[in-house]
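Okay, so here's the structure we're looking at.
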2 protein chains.
Amino acid sequence: MSISWNTDFCKRLQIRYPIILAPMAGITNMPKLVAAVSNAGGLGTLGGAYMSPEQLRQAIQEIQSLTDAPFAVNLFAHMGKDQYEGWSKVITALQPVQQALNIPVPTPQMIVTPDHFEAQWAVLLEQRVPVISTTFGLLSDTHMQQAKSLGILMIGTATTVEEAIQVEQNGCDAVVAQGSEAGGHRGTFDTQTKPLGSNIGTMALVPQVVDHVRIPVLAAGGIMDGRGLVASLALGAQGVQMGTRFLTSAESGAHEVYKQALLNSTEDSTVITTAFSGRPARGITNTFIRNWNATGMQPLAFPTQNTLTRDIRNAAASQHNSEYMALWAGQGTRLLTDKQSAADIVEEMMATARTLLQR
Amino acid sequence: MSISWNTDFCKRLQIRYPIILAPMAGITNMPKLVAAVSNAGGLGTLGGAYMSPEQLRQAIQEIQSLTDAPFAVNLFAHMGKDQYEGWSKVITALQPVQQALNIPVPTPQMIVTPDHFEAQWAVLLEQRVPVISTTFGLLSDTHMQQAKSLGILMIGTATTVEEAIQVEQNGCDAVVAQGSEAGGHRGTFDTQTKPLGSNIGTMALVPQVVDHVRIPVLAAGGIMDGRGLVASLALGAQGVQMGTRFLTSAESGAHEVYKQALLNSTEDSTVITTAFSGRPARGITNTFIRNWNATGMQPLAFPTQNTLTRDIRNAAASQHNSEYMALWAGQGTRLLTDKQSAADIVEEMMATARTLLQR
């Protein structure tokens, strides 16, 4: 079958273009960007994992006020319980950072991660969000059935063929095949046996996943423009999920120093690190990562390390110091454009696709 | 411009298809496979780096006896001088392996790597090979001028945009953009500051390289079939370089247990290791790599570690023991086919390309 961008995934969702905004939890003002991508004919995704139920409801209502088009909300399938094993060593290692940023050293009692999942889930059902995507594993049959009974389209995230097969067996309607180029957290299910996650390049991962599942596959990782879109469709994907490209868009609420770090970076600026959250994620190398690696230490488990470093990341942001922020980014940052609107990015991608495919 | 497989690179070389057999030094009976790919309309490449000048001349003459079509020969731009720093620790770490394989423990005097480069180079000029490709850096202006004065087409290998720019400035006619999915040695120039090399996924690397050089870019890494070919052309490449896919072909001289390990592997079976050669390379994880990693040691520098482990790899091969062989492989091994002829592989890829592009 010849390459087409009007894929079954697009038809099912009644969206014009197979371009999905990746969930980016922790970026402010996301509803505006989510709605902009959906209004442009793609599918915006709200990264809701770190939001309180009330914040999540407000964000969803804001998106609904900005667009009538479908959008998605992403949650972590498993937030996990706090674990404090190794606390004293980690705290000792982080003290120079807290001193540099002039913030207090926390006690374990101060680092408690709320597990809002059930309450967040209830909000998604209550608000009848059109699409729910998940990362870090699978949802229970009960949750899957609740979503399906309301006609919500479910998308899982996989970093290997085996994970993709599990996503399909779990009942998801589509699966994101997340290649190693992708910025931010790896979707890898089991980071106990694979501390840095599975890191298969998009070019290799997508066709192997396509050959092993029947549900639509959405390619993620290193896709930055219309060339990457057509390449992904050629590999058998029915759409692309892109995060980094939209981080420097006009509607992005990413911090200004984060945007500058992205625009100043190259394809070789990032590493996969567990230093910020305890889970493997790709970000631009900075002082925080270099110093942490120099200690040779293991971080606390997710989500505790993530909660522990939040004050550091927030203080660094308020001090405009990108050396201690989590600068999540993929490997395609030379292709970033500054302050381009999401609609322009989507239309430019489709214009390139039409030229490449003579349509 | 719309996607076409009849690229300027094909026209310049007068080859039918933009499919290049990757150089695979150390695989026996390569002339047959090289000629098979060239006869199929692609461009075969002989991995000549480890051959003596006489072996190289014989291999080239065998290829010439099997095809009138263009072919390439690959050499390492820099073999490097032997370095024995850390010898006693490395020898101690390897002794259990030598015992397991029942082979003697060598002395430093026994581990001497000949640098055949100048003599190899003379053979390539004497034999007027149509194409020369290099890895591990750049050739001197003198060598480049000698090749160009004979009308030899020169191809360099890059793993980053900066390396690709240097390859173009060096005077090469084309550059291989080697993505992180690729099997075997990383082409990274400077492995002193980057012990594991630069590992940018093909999907991200190719378009960024294409945007920064004027010479044709050849995509490598995770490309296994016609889908990968069309994807690479969409990214702006003028051809693809594929190694792993041809290792299990009918004409491949790869060891039987190596072929079985490839066919039994998945997209997640490989790692980047310096254990076998001192340079980073992607291969299937086995006992040798696991045990080496457990020591936490640094290998000797390339080429000394490579020469030191040759007896181990050769003994393992003769004992049909893949646990101590270098099982170089990319991340696309679920897409391997067993005993398919090189001509079938090439024709199947082009048939897929015609279908995807409606040509």
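Sequence lines set the chain letters: A, B, ... in the order given, protein chains first and strands last, and positions in each chain run from 1.
Ring-centre distance between B/Phe276 and B/Trp292: not below the 6.0 Å cut-off.
There is a side-chain donor-acceptor pair under 3.5 Å between B/Gln340 and B/Glu348. Between A/Arg245 and A/Thr337, the side chains place a donor N or O and an acceptor N or O closer than 3.5 Å (distance only, hydrogens not considered). Between A/Arg186 and A/Thr191, the side chains place no donor N or O within less than 3.5 Å of an acceptor N or O (distance only, hydrogens not considered). Residues B/Thr159 and B/Thr188 have side chains that bring a donor and an acceptor to within less than 3.5 angstrom of each other. Inspection of the A/Ser265 and A/Thr333 side chains reveals an N or O donor paired with an N or O acceptor under 3.5 Å.
Ranked by heavy-atom pairs under 4.5 Å with chain B, the first of A/Ala234, A/Ala353, A/Gly222, A/Gly221 is A/Ala234. In terms of heavy-atom pairs under 4.5 angstrom with chain A, the leader among B/Met1, B/His212, B/Glu181 is B/Glu181. Ranked by heavy-atom pairs under 4.5 Å with chain B, the list A/Thr352, A/Thr270, A/Leu335, A/Leu357 is led by A/Leu335. By number of non-hydrogen pairs under 4.5 angstrom with chain A, the leading residue of B/Thr202, B/Leu229, B/Leu235 is B/Leu235. For the set A/Ile223, A/Val230, A/Ile200, the count of heavy-atom pairs under 4.5 angstrom toward chain B peaks at A/Ile200. Among B/Asp225, B/Asn199, B/Leu233, B/Asp211, the residue with the largest count of heavy-atom pairs under 4.5 Å with chain A is B/Asp211.
Considering A/Thr274, A/Leu327, A/Thr273, A/Ile284 in turn, A/Thr273 is the only one that fulfils the side-chain contact (heavy atoms from CB on, under 4.5 Å) rule with A/Ile289.
Residue contact with chain A, scored on non-hydrogen atoms closer than 4.5 Å, involves the side chain of B/Arg359 exclusively. Contact annotation for A/Val206: neither backbone nor side-chain heavy atoms come within less than 4.5 Å of a heavy atom of chain B. The contact between B/Ser198 and chain A is made by backbone and side chain atoms together, counting heavy-atom distances below 4.5 Å.
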